[in-house]
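Inspection log for the structure reproduced underneath, given as structure tokens.
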There are 2 protein chains.
Amino acid sequence: MDKKDYRSTLIETATRLFAERGLHGVSIRELASAAGVSISMISYYFGGKEGLYSSVLQEQFACYVHIEEIRNRDAAPLNKIEDYIRWTVRRHRNQPYLLRFYTSELTNPTRFFSEIVQPAIGRVIQVLIEIVEEGIAQRQFRKGLNPVDTVLVMAGMANYYFLSTLATESFINHSPERDEELIQHYLDIFTKGILV
Amino acid sequence: MDKKDYRSTLIETATRLFAERGLHGVSIRELASAAGVSISMISYYFGGKEGLYSSVLQEQFACYVHIEEIRNRDAAPLNKIEDYIRWTVRRHRNQPYLLRFYTSELTNPTRFFSEIVQPAIGRVIQVLIEIVEEGIAQRQFRKGLNPVDTVLVMAGMANYYFLSTLATESFINHSPERDEELIQHYLDIFTKGILV
DNA sequence: GTCTATATTGCGATAGAC
DNA sequence: GTCTATCGCAATATAGAC
């Protein structure tokens, strides 16, 4: 908790509040009061509430450029898939509110979706499709696989674990200590399936 | 488009608008105007905007009781898993706005989450865990599987396909004609994995 | 840069006529 | 059951003092 300037403090506070209640669920009064500044600061630094929301969104999705490093790694397709899963888990742990923006923009898109969110998610899916196609071409993955469906299974399992937290936390342990075990199980199921 | 009473018309209109923009994203003025009634009808029938939202939510999640039929079927665990996937796809196709409420309540819960949404989703996950445990006990599924992680993979892949639509529709075909193929691929990957 | 005060608009709810 | 009119309040944005 270093001393921050008002601009950073506002972004920090807004990230939490927008994540918890959405763009329309929070007023600039509440935002300013929670950040300990006056409401006029929001217009001053961000040009209004939507500008602040847009800045928060850009910061949250900036990390998606990292998919290019996974893409360009000189590694076997299966290792890249492991990279993707580890990176996804790490992303959600480091940015506890990321998934809120991710899903809230996917289901109730604001006018910033097409500019910030769609390119980020779309690019990740495209890179993953490339990786699966590469794996099939190198005969490491099965021939009959549909790359698109394979990728959606993979992205689904990696993200849904975090999405489901609120509905299952009363009977499923979601603590970070179990992450390594989770990653191993996910890779195991994804590569070998569930049948004996 | 039958002739409907105002109550049903309001539920129908509100389902679309709340799904697209969330509880706070829509005003009762807009709701009433889109439904072609006066705003006082919302108080009259539902006791206010939140009452209307609650009715919409209850209607959307009523279908979740159907998981008990899958649970009680006299069928092999693998067949029950296929049932679950088919039922999930059907559910999202029949109720195009269901996933909006599902994810928006999971990420920005309203005060109706714990009463309506959590019990529905939680129960489905619990039944699926039972099914996987049964499959392991009957030696149809692999011994080392963690039932919880297995279920989260399954629920993730079944739901994420629909969740991702908005970000991938420009390069992935999400039309219902492909659903049967999708279900087959998903079952195939989930049972056999991706490796050769 | 930061504040207070205020302009203006839109909100949810409801009283009361029909 | 349904409407119009209106109340009281909270919203965003900004002008202007410091």
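All chains are named by letter (A, B, ...) in the order of the sequence lines, taking the proteins before the strands, and each is independently numbered beginning at 1.
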Original post:
Do any side-chain nitrogens or oxygens of B/Ser27 fall under 4.0 Å of OP1 or OP2 in C/dC11?
Top reply: yes
Original post:
Taking atom C1' of C/dG16 as reference, at what distance in whole Å does atom CE of B/Met41 sit?
Top reply: 13 Å
Original post:
Which one, C/dG1, D/dT4, D/dA13, comes nearest to the side chain of B/Ser40?
Top reply: D/dT4
Original post:
Closer than 4.0 Å, any side-chain N/O of A/Arg29 to the OP1 or OP2 of D/dA10?
Top reply: no
Original post:
At under 4.0 Å between heavy atoms, what does A/Tyr6 touch on the DNA or RNA strands: base, sugar-phosphate, or nothing?
Top reply: sugar-phosphate
Subject >> Value in whole Å for how far the P atom of C/dA5 lies from CD1 of A/Ile28 >> reply: 16 Å
Original post:
Counting just side-chain N and O atoms, does A/Tyr45 come under 4.0 Å of either OP1 or OP2 of C/dT2?
Top reply: yes
**OP:** Could you check how far CG of B/Leu10 sits from C1' of C/dG12, rounded to whole Å?
**Re:** 15 Å
Original post:
Looking at A/Tyr64, does the NZ or CZ of A/Arg91 lie under 6.0 angstrom from its six-membered ring centre and within 45 degrees of the ring axis?
Top reply: yes
**OP:** Using whole Å, report how far CZ of B/Arg7 lies from C1' of D/dG1.
**Re:** 14 Å
Original post:
Taking all non-hydrogen atoms of both residues, which atom of A/Ile129 and which atom of B/Ile172 are closest, and how far apart?
Top reply: CD1-CD1, 4.5 Å
**OP:** Determine, step by step, whether A/His174 and A/Tyr161 satisfy the ring pair (Phe, Tyr, Trp, His ring centres under 6.0 Å) criterion, reporting the C-alpha distance in whole Å, the side-chain angles of both residues, the deciding distance to 0.1 Å, and the verdict.
**Re:** CA-CA 8 Å; A/His174 281 80; A/Tyr161 173 78; 4.8 Å; yes
Subject >> A/Tyr44 OH to D/dG16 C1', straight-line distance once rounded to whole Å >> reply: 15 Å
Original post:
Of A/Ser38 and B/Leu23, whose nearest nucleotide on DNA chain C comes first from the 5' end?
Top reply: A/Ser38
**OP:** Assign A/Ile39 to base, sugar-phosphate, or nothing according to its heavy-atom contacts below 4.0 angstrom with the strands shown.
**Re:** base
Original post:
Between B/Tyr53 and B/Phe18, does the ring centre distance come in under 6.0 Å?
Top reply: yes
**OP:** Can you tell me the distance, in whole Å, between the CD1 atom of A/Ile42 and the P atom of C/dC3?
**Re:** 11 Å
